[in-house]
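Structure first, then comments.
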Amino acid sequence: MEKICLDYYAALDFLRGEPTAVEKLNYYMNNDEICISALTLAHLLYTIKKQDVIISFANSITVLPIDRKVAIVSSKIRNELAENNIEISQEALINAAVCIVNDAFLFTRKAAEYEKIKGLKKV
C-alpha cells in the first residue's frame, strides 16, 4: 500500500466533484492510503466555507504533520532550487517535503511546479 498525498489543488478538485480527480482518487482509495499535509488542510479550511465538509474529508484520510524533519528537508530543497535560480511557492515546497519525509506520492494538477524537486515521487 502506497501513500498518495493530495496537494491543495487536487483536494479541491476532488471536493468540487471534478470528474478526473474523483475518478483517479476513487482508484487510489481502493488500493492506497490517501493523505494531505496539515498545511493543505489549513488552506482548505480557510478557503472553503463548508467547514463540515472539509472536516469530514480530513477525518476520512490521513493528515501528515509538518515537523522538524519536514523543515529540514524543505530547507534542503529550497537551497538546491535556489542554486539553479528556480523559484517555488512555500506551499509547494512544504508539501513536497512532507511527501519525501513520509515516502508518499504527490497527487497534483500542478505537476510543473514540482518538476525540479529531486526525490519527489508523483502520480
Side-chain angles (χ1 to χ4, degrees):
M1 179 184 289
E2 302 287 351
K3 289 181 185 169
I4 308 297
C5 187
L6 286 64
D7 74 351
Y8 170 77
Y9 298 101
L12 190 61
D13 287 350
F14 174 75
L15 291 166
R16 288 183 173 164
E18 197 281 325
T20 302
V22 170
E23 182 181 333
K24 282 184 178 181
L25 200 53
N26 282 334
Y27 169 79
Y28 291 123
M29 282 182 182
N30 292 326
N31 303 303
D32 301 299
E33 178 183 357
I34 305 301
C35 50
I36 59 176
S37 72
L39 179 60
T40 296
L41 176 56
H43 194 171
L44 290 168
L45 286 168
Y46 67 72
T47 58
I48 297 178
K49 291 181 177 26
K50 294 183 179 184
Q51 300 281 298
D52 56 325
V53 171
I54 303 306
I55 292 169
S56 177
F57 174 67
N59 287 337
S60 70
I61 61 174
T62 302
V63 177
L64 300 172
I66 299 169
D67 57 13
R68 182 183 334 225
K69 289 179 185 176
V70 170
I72 292 167
V73 169
S74 69
S75 174
K76 289 179 181 178
I77 294 168
R78 167 81 78 200
N79 291 338
E80 287 175 7
L81 295 176
E83 287 176 5
N84 294 305
N85 295 318
I86 299 169
E87 293 186 23
I88 186 171
S89 72
Q90 187 68 27
E91 188 166 350
L93 179 68
I94 296 295
N95 281 328
V98 165
C99 288
I100 290 168
V101 167
N102 289 281
D103 194 31
F105 286 82
L106 177 68
F107 179 7
T108 182
R109 70 168 144 100
K110 297 204 171 226
E113 186 168 17
Y114 297 91
E115 254 180 47
K116 303 292 183 182
I117 300 174
K118 295 176 188 170
L120 178 63
K121 303 181 292 187
K122 296 176 292 243
V123 293

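Residues take their numbers from the sequence shown, with the count starting at 1.
Taking 4.5 Å as the limit, every side-chain heavy atom of Ile48 sits out of range of all side-chain heavy atoms of Val53. By the 4.5 Å heavy-atom criterion applied to side chains, Leu6 and Leu12 are not counted as neighbours. A heavy-atom distance below 4.5 Å is found between the side chains of Lys3 and Asn102. Residues Glu87 and Leu81 form no side-chain contact, since every pair of their non-hydrogen atoms from C-beta on lies 4.5 Å or further apart. Side-chain contact check for Tyr114 versus Asn95: some heavy-atom pair is nearer than 4.5 Å. In this structure, the side chains of Asp13 and Arg109 come closer than 4.5 Å at one or more pairs of heavy atoms. Between Ile77 and Ile100, the closest side-chain pair of non-hydrogen atoms falls below 4.5 Å.
In the hydrophobic clustering of this structure, Ile61 does not group with Ile66; members are Ile, Leu, Val, Met, Phe, Trp, Tyr whose side-chain heavy atoms approach within less than 4.5 Å, directly or through other members. Cluster annotation: Tyr8 and Ile88 are assigned to distinct hydrophobic clusters (Ile/Leu/Val/Met/Phe/Trp/Tyr, side-chain heavy-atom contacts under 4.5 Å, transitive). Transitive grouping of hydrophobic side chains (ILVMFWY, heavy atoms separated by less than 4.5 Å) keeps Ile94 and Ile72 in distinct clusters. Taking hydrophobic clusters as Ile, Leu, Val, Met, Phe, Trp and Tyr residues chained together by side-chain heavy-atom distances below 4.5 Å, Leu106 does not share a cluster with Val63.
The closest donor-acceptor contact from the side chain of Arg78 to the backbone of Gln90 lies at 3.5 Å or more, if one exists at all. In terms of modelled atom types and a separation under 3.5 Å, the side chain of Ser74 and the main chain of Ala71 share a donor-acceptor contact. Remark: side-chain polar atoms of Glu91 are not paired, donor with acceptor, to backbone N or O of Thr40 under 3.5 angstrom.
In this structure, CG in Leu25 is found 10.0 Å from CG in Asn30, a value given to the nearest 0.5 Å. Note: Met29 CE to Ser60 OG = 6.0 Å, rounded to the nearest 0.5 Å. One distance of note links CD1 of Ile4 with NZ of Lys121; it measures 8.5 Å at 0.5 Å rounding. Between Leu39 atom CG and Leu93 atom CG the span is 10.0 Å, to the nearest 0.5 Å. Annotation: the span from Lys50 atom NZ to Leu45 atom CG amounts to 15.0 Å, rounded to 0.5 Å. Going from atom CD of Glu115 over to atom CG of Leu120 covers 11.0 Å, rounded to the nearest 0.5 Å.
Ring geometry, His43 versus Tyr9: the interplanar angle exceeds 60°, so the pair is classed perpendicular (tilted spans 30 to 60°).
Centroid-to-centroid, the aromatic rings of Phe14 and Phe57 come within less than 6.0 Å.
Residues Cys5 and Cys99 share a closest heavy-atom pair of CB-SG, 3.6 Å.
The 12-atom threshold is not exceeded at NZ of Lys76, counting heavy atoms of other residues, nucleotides or ligands nearer than 6.0 Å. Heavy-atom neighbours of Lys122 NZ from other residues, nucleotides or ligands within 6.0 Å: above the threshold of 12.
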Can you check salt bridge (Lys or Arg N to Asp or Glu O under 4.0 Å) on Asp7 and Lys110, steps first, answer last? CA-CA 9 Å; Asp7 74 351; Lys110 297 204 171 226; over 6 Å; no
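Remark: of the listed residues Val98, Leu41, Val101, Val70, Val98 is the sole one forming a side chain to side chain contact (heavy atoms under 4.5 Å, CB included) with Leu64.
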